[in-house]
Participant: 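My structure is below; once you've seen it, I'll send some questions.
Remember, it's a predicted structure, so these values are computed and weren't measured experimentally.
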Amino acid sequence: MSTPALTTYQRHHLRPTYDHHVGYLFPAMVRASQAHVVMLVEQGLVPAERGARLLRGLAELRADTAGAPEFDGTFEDTYYLMEKRLAQACGIPTSELDVQMARSRNDLDAGVFRMLLREQLLGVLDRVLAAGATALDSAHRYADVVITGYTHRRPAQPTTIGHALAGYAEALAGEAVAYAELIDQLNTSPLGSCAFAGTDLDIAPARVAELLGFDGLVTNSYEAVAGADHLVRVGTLNAQALATGARLARTLMDWLSWRWVSTPGDFTQGSSIMPQKRNPVVLEHLVSMAGATAADAASVLNNVGAAWWEDSNNATTDVQVRLWESNDRTDRFFALLGGFLAEIEPLEPPSAEEIVASGATTTAAADALTRHGVPFRAAHSVVGRLVRGGAPATWTAQTVRAAAEGIADGLTDAAVADLIAAAVRPELVLDRAQVDGPGADAVRAQVAVLRGTFDAVAGRLAAVRGRLAAADEALDAVAAQGAAR
């Protein structure tokens with residue numbers, strides 16, 4: 001018997017959506033259904049014998065590695081494919097299935113989406129933590145490597161490689177905390193909400209949540225299926241994290257071009273025409289990946305904003321591809337960036353003479369005068385005169401006193417000496433005591449503080465994984481026991 005030709009809707013929406021979704025959704029739907037059937041039996045809503053048959057069928061579907069069948073129009077989507085295959089595995093018509101008792105496609109989809117995003121974000125958070133650890137290791141190692149810090153693409157003040165990387169690590173630490181909180185938000189179960197208003201049947205949604213590793217239930221059943229804030233947050237947090245990482249990638253491009261740091265060979269491609277060139281194009285890819293992730297976040301926001309405050313494909317189902325691809329891209333982004341940071345090392349950082357010639361030490365020179373009682377604006381004006389008269393390397397006690405005439409008369413010898421030292425010795429920044437600044441001891445102390453943040457998040461991550469593993473083990477045991485009846 002030939003299969004009827006697909007309709008236009010099936011050919012141009014249902015089939016491509018099924019092709020992309022089934023590999024994600026089918027295993028998770030089967031797993032959620034095992035927990036649901038266990039609960040139905042325990043609540044006395046399904047006889048033990050019928051529950052055992054369903055659990056045996058679900059176990060068969062879970063063990064089947066043959067892959068999803070081709071979409072042929074005999075089922076609408078992954079949800080109905082599971083019903084069709086479960087009925088076949090149980091040897092009964094779909095009309096005799098109980099698996100959808102007290103459950104809707106709405107709450108099943110909502111629950112499965114959370115399960116998938118939860119697992120994906122656990123992997124993303126692994127990558128963020130690894131990249132953060134690498135950034136901190138490099139920050140500690142290179143806390144005494146002085147470079148020129150830039151603002152608005154112009155030389156500004158001396159800093160260190162360690163100070164810059166510790167700064168990025170702090171951004172990563174904040175993002176790691178945000179991912180951990182997002183995983184907590186995702187890890188509440190909407191299952192039991194049915195279409196959105198629940199059911200009069202005596203179900204136990206908390207038991208289903210427990211068996212699937214959820215920490216609890218969404219408080220309101222309407223929000224459970226209509227809500228999309230958690231979906232928006234996935235897309236926007238990825239976009240935020242990658243945007244910050246892309247900014248670092250842009251800065252690293254400069255460092256490599258200026259030969260301040262080495263170019264990791266594993267992250268380069270050769271030139272098609274210039275044999276001497278190795279191009280660190282991975283940094284360009286990181287910037288592009290950040291742009292694509294921002295576009296995914298915008299797509300999610302647009303779809304959610306275009307939907308009604310009710311169960312709507314716009315706000316829930318239709319944004320999943322964007323989120324799955326966003327999570328995959330974010331995982332790869334941090335794998336690449338972390339790997340790149342692990343391999344860079346100082347090559348030819350700017351010399352003291354180069355830093356001085358750039359003008360980056362002039363603020364320190366003005367600050368030196370203020371330590372001797374000169375008002376800052378007056379000190380700033382003195383240094384301005386000096387800069388207009390020549391490069392800091394040419395300044396002498398005589399030129400300093402001349403520049404101070406009428407602004408800061410009567411400078412002591414100590415004040416003049418301090419100004420000149422600050423102007424020509426950028427390495428003095430390594431001794432800066434300010435706790436958040438670029439002083440070598442300060443940076444290493446920052447590294448220690450930030451390691452504590454990463455360690456705390458890693459502990460939270462391990463705890464979530466432990467609870468999920470325990471839930472998996474418990475569900476396997478109770479499902480096997482129920483199937484054996």
Side-chain angles (χ1 to χ4, degrees), residues 23-42 51 54-65 82 107-133 175-192 204-218 224 230 233-234 237 320 323-324 327-328 330-331 334-335 453-484:
Y24 290 90
L25 297 182
F26 191 84
M29 283 185 173
V30 171
R31 193 60 167 164
S33 296
Q34 287 181 299
H36 184 66
V37 172
V38 166
M39 179 274 294
L40 292 177
V41 173
E42 289 177 349
L54 289 172
L55 289 170
R56 287 193 294 271
L58 289 166
E60 182 178 323
L61 296 187
R62 193 157 185 253
D64 186 2
T65 59
M82 190 194 72
D107 65 330
L108 179 58
D109 277 349
V112 164
F113 295 159
R114 286 174 180 261
M115 291 166 64
L116 291 169
L117 294 173
R118 173 181 69 186
E119 187 62 30
Q120 291 167 7
L121 289 181
L122 288 171
V124 167
L125 185 48
D126 275 333
R127 298 289 195 191
V128 171
L129 292 173
E175 290 155 7
V177 170
Y179 276 113
E181 292 173 348
L182 177 52
I183 290 168
D184 287 345
Q185 181 184 3
L186 285 167
N187 207 30
T188 51
S189 175
L191 294 162
R207 176 60 168 156
V208 177
E210 175 190 15
L211 291 171
L212 294 174
F214 288 107
D215 292 330
L217 301 174
V218 178
H230 59 295
R233 194 174 174 198
V234 172
L237 180 53
Q320 297 310 309
L323 296 177
W324 299 337
N327 287 337
D328 173 69
T330 300
D331 182 279
F334 284 111
T453 301
F454 284 116
D455 287 346
V457 173
R460 293 174 64 176
L461 181 60
V464 172
R465 282 211 166 98
R467 293 194 297 273
L468 291 176
D472 267 344
E473 184 177 343
L475 179 52
D476 284 340
V478 73
Q481 182 181 9

Participant: With the side chain counted from C-beta on, respond yes when Leu217 and Ser189 share a heavy-atom pair under 4.5 Å apart, and no when they do not.
Facilitator: yes
Participant: Regarding Arg118 and the six-membered ring of Phe214, is the cationic atom NZ or CZ under 6.0 Å from the ring centre and inside 45° of its axis?
Facilitator: yes
Participant: Going from CG on Leu61 to CZ on Phe26, what distance comes out if it is rounded to the nearest 0.5 angstrom?
Facilitator: 4.5 Å
Participant: With sequence neighbours left out, which residue pairs that include part of residues 182-192 fulfil the salt bridge (Lys or Arg N to Asp or Glu O under 4.0 Å) condition?
Facilitator: Asp184-Arg460
Participant: Hey, are the side chains of Leu117 and Gln320 touching, using non-hydrogen atoms and a 4.5 Å cut-off?
Facilitator: yes
Participant: Supply the atom-to-atom distance Tyr24 OH to Met29 CE, rounded to the nearest 0.5 angstrom.
Facilitator: 14.5 Å
Participant: How long is the gap from CG on Leu129 to CZ on Phe334, to the nearest 0.5 Å?
Facilitator: 10.5 Å
Participant: Any non-hydrogen side-chain atom of Leu122 less than 4.5 Å from a side-chain atom of Leu468?
Facilitator: yes
Participant: Rounded at 0.5 Å granularity, tell me how far CD in Glu175 sits from CG in Leu182.
Facilitator: 12.5 Å
Participant: Partners of Asn327 by side-chain hydrogen bond (donor to acceptor under 3.5 Å, both in side chains), sequence neighbours excluded?
Facilitator: Gln120, Asn238
Participant: Any side-chain heavy atom of Met39 within less than 4.5 Å of one from Leu211?
Facilitator: no
Participant: Return yes if some donor-acceptor pair links the side-chain N/O of Arg56 with the main-chain N/O of Ala483 below 3.5 Å, else return no.
Facilitator: yes
Participant: With a 4.5 Å heavy-atom cut-off, do Arg62 and Asp476 have their side chains touching?
Facilitator: yes
Participant: Report yes if some heavy atom in the side chain of Phe113 is under 4.5 Å from a heavy atom in the side chain of Val234; otherwise report no.
Facilitator: no
Participant: Can you confirm whether His36 sits close enough to Leu108 that some side-chain heavy atom of one is under 4.5 Å from a side-chain heavy atom of the other?
Facilitator: no
Participant: Nearest 0.5 Å, please: how far is CD1 in Ile183 from CG in Leu121?
Facilitator: 5.5 Å
Participant: Just wondering, do Leu25 and Leu116 contact through their side chains at under 4.5 Å, heavy atoms?
Facilitator: yes
Participant: Which distance, rounded to the nearest 0.5 Å, do you find between the CD of Gln481 and the CG of Leu55?
Facilitator: 10.5 Å
